[in-house]
Number of protein chains: 2
Amino acid sequence: MLKEERQQLILNEVDLHNRVLLTDLAEKLEVSIDTVRRDVKELDGGSKLRKVHGGAVSLGYTHTAARSSNVYALNEKMAIAEKAVGLLKEGAVVFIDGGTTCLEMARMIPPKLKLTCFTFSLPVAIQLAGMPHVDLIFIGGRISPESMISNGAYTIQRLAEVRFDYAFLGTGYVDALHGLTEFDWDVVQLKKAVIRASKKAVLLCISEKLNSQHRFKTCDINEINTMITELSPESNLLNLFRNQDLRLL
Amino acid sequence: MLKEERQQLILNEVDLHNRVLLTDLAEKLEVSIDTVRRDVKELDGGSKLRKVHGGAVSLGYTHTAARSSNVYALNEKMAIAEKAVGLLKEGAVVFIDGGTTCLEMARMIPPKLKLTCFTFSLPVAIQLAGMPHVDLIFIGGRISPESMISNGAYTIQRLAEVRFDYAFLGTGYVDALHGLTEFDWDVVQLKKAVIRASKKAVLLCISEKLNSQHRFKTCDINEINTMITELSPESNLLNLFRNQDLRLL
DNA sequence: TTATATCTTGCAGTATTTTGCAAGAAAATA
DNA sequence: TATTTTCTTGCAAAATACTGCAAGATATAA
C-alpha cells in the first residue's frame with residue numbers, strides 16, 4: 001500500500017470518528033505502529049488533524065477546547081512571558097497589554113505574588129480574574145471584536161488617570177530605527193497613552209518581529225526601557241538594538 | 001480513551017450542567033479521581049471552566065454562585081433569556097448585568113440585530129465580543145474575582161455618565177414587599193447605579209428566587225418595569241406581584 | 001543492465017508521558 | 001475543635017514516543 005493511500009485512509013478515519021488510536025490504525029492498515037505514528041506526525045500541522053499522545057483528533061474536535069492550543073509560536077512566547085514575570089515585584093502596579101504574548105505572561109503570574117494589574121484586554125482579564133491575589137482593574141471602553149480590547153477616546157481618557165510602575169506591551173512591528181509601529185492608527189493612539197501612563201515600558205516581542213515596520217508609529221525605541229525576546233540577550237540579531245539606552249532580556 | 005477525548009467530555013459536561021464534581025467525572029469516565037483532577041487542572045485557565053474545590057464550574061458560574069443559587073436550572077434560565085431577547089429592538093442601547101441568567105441572554109442575542117450593549121461582566125463581554133453586529137462597551141473598574149464583574153466607586157462613577165434604553169438585571173433575592181435585595185452591600189450600590197442610569201429596568205429572575213430576601217436592598221419592585229420569569233405570566237406564583245405597576249413576562 | 005542514492009519500513013533500545021496509588025497537607029464541614 | 005473531604009506531592013508501573021539502524025523498495029544515472 002502506498003504511503004499516500006494510507007495517509008488518506010487515516011484522514012478519512014479521523015474525519016469519521018473525530019479521533020483515532022494509533023494502535024487501531026496500525027491493526028487496520030496492517031503496518032507497524034511506528035509507521036502510522038510517522039504518518040500521523042506528517043499529517044499533523046495540516047488542517048485536518050492534530051497528533052496527540054496515543055492517537056490523533058480532528059482539528060474541529062479540540063477547537064472548542066479551552067487550551068490556547070493554536071497560538072502561533074507558543075514556545076517562544078512562553079519563553080518571553082517567563083522572563084517578563086521575572087520582573088514583577090510584590091506590590092507593583094502593572095499594566096498588561098492584549099495580544100497572545102502578554103496573555104501568556106498573565107497566565108504565568110506566580111500564584112502568591114500580590115500585584116495590582118490593569119488591562120483593557122478581555123482575555124487577559126479573564127485570566128487574572130482567576131487569581132485572587134491579583135487586584136485587577138479593567139480599563140473600560142468600546143471593545144473591538146477582533147482584538148478583544150477596549151479602545152477609543154474614552155479608554156485613552158481613562159489611561160490619563162493612572163500611573164503604572166511597569167507596562168508590559170506588545171507591538172505589531174519593531175525596528176531599531178523606526179521604533180514601534182502598527183498597522184492600525186487607533187492602536188497606536190492607545191499604546192501611546194499606555195506609555196505615557198507608565199514609569200517603565202517593557203516590550204514583549206518575538207524575534208520574528210525584529211526589523212519590521214509598518215505605517216503608524218507608536219514610539220521610538222528609546223521610550224522603551226526593556227525589550228524581552230525569546231533570544232539570549234547576547235544574540236547577534238539584537239545588535240542593532242544594543243547601542244540604545246535599552247535593557248535587553 | 002485519549003486524554004483529549006476525556007477533556008472534551010469534561011468540557012461538554014461543564015457546558016451542560018455548569019458545574020461538575022470530580023468524583024462524578026471520575027465515575028463517568030472510568031478513570032481515577034487523580035486523572036480527572038489533572039485534566040480539570042489543565043483545562044482551568046482556559047476560557048471554558050474554572051477549577052474549584054471538589055470540582056469545576058463553567059466561567060461566569062462562580063464559586064459563590066455555585067453555592068448560593070441553583071446552577072442546574074439552565075432550562076429555566078434559557079426560557080427567561082429567550083423572553084428577554086424578545087424585548088430587544090434594533091438600535092437600542094441596553095445594559096446587560098452579570099450573573100448566569102443574563103449570560104444566557106447575551107448568548108441568545110440574534111445574529112443580525114444591531115445593538116449597543118453595555119456591561120461590566122467579563123463573561124458577558126466575552127460572549128458579546130464575538131458578535132460583530134453588537135457595539136460593545138465595557139464599563140471598567142476593579143474586578144471582583146468571584147463574580148467577574150467590575151464594581152466599586154470608579155465603576156459607579158462611570159455609570160453616572162450613561163443612559164440606557166433598557167437595563168437587563170439579575171438579582172440575588174426578590175420579594176413583592178421588600179423588593180430586590182442582595183447579600184452583598186457593594187453589589188447593591190452597583191445595581192442602584194445601573195437602575196438610575198436606565199430608562200427601563202427589566203428583571204430576569206428564576207421563580208426559585210421569588211419571595212426570598214436578604215440584608216441589603218437594591219430597590220422596590222415598582223422601580224422595575226418588567227419582570228421576566230420562566231413561568232407563564234398567569235401563574236399563581238406571580239400573584240403577589242400582580243397588583244403592582246409591573247409588566248410580567 | 002548495473003551501480004548508486006534516496007526513501008520507506010520495522011525493530012530495538014531508550015526517553016517521555018500518562019496514570020493510579022499512598023501519605024501528609026490543606027480546606028471545607030459539622 | 002474535631003472530622004471528613006479534597007489537594008498536593010512523590011513515586012512506580014504501564015503505555016506511548018523518539019532515535020538510530022538495517023533491510024528492502026524505489027528512483028536515478030551511467
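Chain letters run A, B, ... following the sequence lines, proteins first, then strands; residues in each count from 1.
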Point to revise | A/Phe138/A/Phe120 aromatic ring centres below 6.0 Å | key: no
Check your understanding: To the nearest Å, how far apart are B/Lys3 NZ and D/dT16 C1'?
Key -> 12 Å
**Study point:** d(CD, B/Glu4; C1', D/dT16) in whole Å
**Key:** 13 Å
Exercise for review: Report the distance from atom CG of A/Leu21 to atom C1' of D/dA14, rounded to the nearest whole Å.
Suggested key: 16 Å
**Study point:** Integer-rounded Å distance: C/dT17 P and B/Arg6 CZ
**Key:** 16 Å
Study note, to complete from the structure: By side chain to side chain contact (heavy atoms under 4.5 Å, CB included), A/Tyr166 pairs with (sequence neighbours left out) A/Lys89, A/Val94, A/Phe168, A/Lys200, A/Val202
What does the list of N/O pairs under 3.5 Å between the protein and nucleotides 17-21 of chain D look like, with a distance for each?
unit_1: D/dA17; atom_1: OP1; unit_2: A/Lys51; atom_2: NZ; d: 3.1
unit_1: D/dA17; atom_1: OP1; unit_2: A/Val52; atom_2: O; d: 3.4
unit_1: D/dA17; atom_1: OP1; unit_2: A/Gly54; atom_2: N; d: 2.5
unit_1: D/dA17; atom_1: OP2; unit_2: A/Arg37; atom_2: NH1; d: 2.1
unit_1: D/dA17; atom_1: O5'; unit_2: A/Arg37; atom_2: NH1; d: 3.0

Review point. Listed by chain and number, what are the salt bridge (charged side-chain N to carboxylate O under 4.0 Å, His left out) partners of B/Lys41, not counting sequence neighbours?
Key: none
Exercise for review: Look at the rings of B/His214 and B/Tyr173 and say which category their plane angle falls in: under 30° parallel, 30 to 60° tilted, over 60° perpendicular.
Suggested key: tilted
**Study point:** B/Asp39 CG to C/dT18 P, straight-line distance once rounded to whole Å
**Key:** 10 Å
Practice item. Could you tell me whether B/Arg142 atom CZ has more than 12 heavy atoms of other residues or ligands within 6.0 Å of it? Key: no
Point to revise | Length of the line joining B/Leu29:CG and C/dT19:C1', which is rounded to integer Å | key: 14 Å
Practice item. Report yes if some heavy atom in the side chain of A/Glu230 is under 4.5 Å from a heavy atom in the side chain of A/Ser207; otherwise report no. Key: yes
Point to revise | Distance, rounded to the nearest Å, where B/Glu30 contributes CD and C/dT19 contributes C1' | key: 15 Å
